[in-house]
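Before any comments, here is the structure.
These numbers come from a predicted model, not from an experiment. Residue numbers start from 1 in every chain, and the chains themselves are labelled A, B, ... in the order their sequence lines are given, proteins ahead of strands.
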There are 2 protein chains.
Amino acid sequence: MNQPAALTRQEQKERTRAALLDAALELSHQSGFAQISLRQVAKQAGVVPAAFYRHFASMDELGLALVERSFATLRRMIRDAQRDPDVFTHIIDAAADVLVETVKVNKTHFAFVARERVGGSRAVREAINHELDLFVSELAVVLARLPNIENWSSDDVHMVARLFVRNMVANAEEVVEMPDGRPDLEAQIKEGARRQMRLIVLGFEKWRS
Amino acid sequence: MNQPAALTRQEQKERTRAALLDAALELSHQSGFAQISLRQVAKQAGVVPAAFYRHFASMDELGLALVERSFATLRRMIRDAQRDPDVFTHIIDAAADVLVETVKVNKTHFAFVARERVGGSRAVREAINHELDLFVSELAVVLARLPNIENWSSDDVHMVARLFVRNMVANAEEVVEMPDGRPDLEAQIKEGARRQMRLIVLGFEKWRS
DNA sequence: TAGTTGAGTGAACGGGTGTTCACACACTGT
DNA sequence: ACAGTGTGTGAACACCCGTTCACTCAACTA
């Protein structure tokens, strides 16, 4: 019936919403989400401040939307990784590679999560920690199938999963802080992540209680 | 020659400076250091905004002073712990206990460090990460003397030290976020920390390259 | 004791903030 | 073709911000 070249109402609205999210993400990359203003975001998105309210009730609500979008990226990374056959043969090497590469490509999303996980407003902080808890539980299910772990208590499996996720977050933070164009640093982080995971896995065999 | 009951000039100045630092620490405990204002800090310290400049050139400079003060607390914790003979017989249990107790008592300092390590301004962030790097190196020296580690490469020792410090930071974050008056949660965090350290130590024996 | 120093004052400034409102006007369903 | 819906506008508001300035007056020095 229509859209002869122009944009439908819904399309246009979604486009502006995305522009606001992108603007907030980019601005917060330098100074942190908590200290950017509604007016700055609106300006960067090419929109008047009042228009912001057509999409979000507050900056906090935009922050929550950003959490959602960022974890969607993380989930996609995990899903794609599981399709790769290498992951099952050299789990640790693959995990280190995938981690560093994905974080590098989606730097802004991971920077947002890393930063706001501890520095953000209460609402944003809790949303992120909730997502990370979900992620720990998912990882626990995967770990429970590994040879040396299959008859551990579920408490212990959860503990190990937390250990891995914590280190994943810490390594992601390092990649985020990494200056551009430093493949040496990148390799160093990757190697560090690999060794840490190997050390932890070595402990599996002798674990009791 | 003087101070009949009144305060010397220097004493009074130091007192106000301390009041400003305390005010900033308390205010940032709820909302994060980066989003509190010079005026708020001055008001909380019972001083007019302009007086702030007699002590710090900017909020950033106050932040750096806060980093220094917080790490002095951390160092005191380590030093005290080393005096305790229990630490050498049950290193891991003692470490978990000391960590949780000290963080609980100095909650505001650790909350500041945990939060601003990733969320703060560039200057504050770098100062904290520098202090943490120093701490990793100190720990590496201690670890290098342990039985299973004594002939590892220094790179590997450093890697393990980083793994421990990361987990220490993560556990401190958990204690900080912990609501008051929940000894069950506290015990849970302590037990988790203990298990994670034990798992890592188990890997020491079989480590190669 | 007289003069100097400097921590703290109070008012003022220019500018950025979130939020509100009536309004314009392009896309929408009838 | 027409009325309606709703995204985006631009101006206005009251407020808080960092920073400056001339000032007071107690603690200091000589």
Side-chain angles (χ1 to χ4, degrees), chain A residues 1-24 26-28 30-66 119-124, chain B residues 1-24 26-28 30-66 119-124:
Chain A
M1 256 57 158
N2 39 17
Q3 66 256 44
L7 281 67
T8 156
R9 202 100 123 175
Q10 218 173 19
E11 277 173 345
Q12 181 53 44
K13 175 161 192 186
E14 218 153 278
R15 189 168 295 201
T16 307
R17 189 189 139 99
L20 286 169
L21 287 169
D22 286 343
E26 188 180 326
L27 288 173
S28 69
Q30 294 197 337
S31 25
F33 179 78
Q35 41 250 331
I36 64 178
S37 67
L38 185 153
R39 287 179 109 104
Q40 283 178 308
V41 173
K43 181 179 230 178
Q44 170 92 10
V47 133
V48 100
F52 180 96
Y53 294 100
R54 301 281 183 210
H55 303 271
F56 306 100
S58 63
M59 282 293 283
D60 234 89
E61 203 175 293
L62 185 149
L64 294 181
L66 231 32
S121 71
R122 171 166 294 277
V124 171
Chain B
M1 256 63 162
N2 40 15
Q3 65 254 45
L7 282 68
T8 153
R9 202 101 122 175
Q10 217 173 20
E11 277 173 344
Q12 181 53 45
K13 176 161 190 185
E14 219 153 277
R15 190 168 293 204
T16 307
R17 189 189 137 99
L20 286 169
L21 287 169
D22 287 342
E26 189 180 325
L27 288 174
S28 69
Q30 294 197 338
S31 23
F33 179 78
Q35 42 250 327
I36 65 179
S37 67
L38 185 153
R39 287 178 109 103
Q40 284 177 307
V41 173
K43 182 180 230 178
Q44 171 91 11
V47 132
V48 99
F52 180 96
Y53 294 100
R54 300 282 182 209
H55 303 271
F56 306 100
S58 63
M59 281 292 283
D60 235 90
E61 203 175 292
L62 184 149
L64 294 182
L66 232 30
S121 72
R122 170 166 296 275
V124 172

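A pairwise comparison of heavy atoms in A/Ala57 and A/Glu61 identifies CB-OE1, 3.3 Å as the closest pair. Taking each heavy atom of A/Leu38 and A/Pro49 in turn, the nearest pair found is CD2-O, 3.9 Å. Of all heavy-atom pairs spanning A/Ala45 and A/Ala23, the tightest one is N-CB, 3.9 Å. Between A/Val41 and A/Leu20, the shortest heavy-atom contact is CG1-O, 3.6 Å. Contact detail for A/Ala24 and A/Phe33: the closest heavy-atom pair is CB-CE1, 4.3 Å.
The distance between atom CD of B/Gln40 and atom C1' of D/dT19, rounded to the nearest whole Å, is 17 Å. In this structure, B/Leu38 places its CG atom 18 Å from P of C/dT17, rounding to the nearest Å. Distance CG (A/Leu62) to P (C/dG18): 12 Å, rounded to an integer number of Å. Atom CZ of B/Arg39 is separated from atom P of C/dA12 by 13 Å (rounded to the nearest Å). Put simply, NZ on B/Lys43 is 14 Å from P on C/dG10, counting in whole angstrom units. Regarding A/Asp60, its CG atom lies at a distance of 11 Å from the P atom of C/dT19, rounded to whole Å.
Counting only residues at least two apart or in different chains, side chain to side chain donor-acceptor pair (under 3.5 Å) contacts with residues 12-23 of chain B comprise B/Gln12-B/Thr16, B/Asp22-B/Arg69.
Residue contacts shown for B/Phe52 are absent, as no nucleic acid heavy atom lies under 4.0 Å away. Residue-level contact check: B/Gln35 touches neither bases nor backbone, having no heavy atom under 4.0 Å from any strand.
A donor-acceptor pair is defined here as one N or O able to donate and one able to accept, closer than 3.5 Å; no such pair exists between the side chain of B/Gln40 and the backbone of B/Ile36.
Put simply, the side chain of B/Phe56 does not reach to within 4.5 Å of the side chain of B/Leu64, judged on heavy atoms.
Between B/Arg39 atom CZ and B/Ser37 atom OG the span is 8.0 Å, to the nearest 0.5 Å.
When base pairs are accepted only as Watson-Crick or G-U wobble with both N-N or N-O distances under 3.5 Å, DNA chain C takes part in stems of 3 or more pairs at C:1-13 with D:18-30, C:15-27 with D:4-16.
For A/Ser37, a side-chain nitrogen or oxygen approaches OP1 or OP2 of C/dT17 to under 4.0 Å. For A/Tyr53, a side-chain nitrogen or oxygen approaches OP1 or OP2 of C/dT19 to under 4.0 Å.
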Can you tabulate the close N/O pairs, meaning under 3.5 Å, that link protein atoms to atoms of nucleotides 6-9 of chain D?
from  : atom 1 : to      : atom 2 : distance (Å)
D/dG6 : O4'    : A/Arg9  : NH2    : 3.2
D/dT7 : OP1    : A/Lys13 : NZ     : 3.1
D/dG8 : OP1    : A/Thr16 : OG1    : 2.3
D/dG8 : OP2    : A/His55 : NE2    : 2.6
D/dG8 : N7     : A/Arg54 : NE     : 3.0
D/dG8 : N7     : A/Arg54 : NH2    : 3.4
D/dG8 : O6     : A/Arg54 : NH2    : 2.7
D/dT9 : OP2    : A/Val48 : N      : 2.9

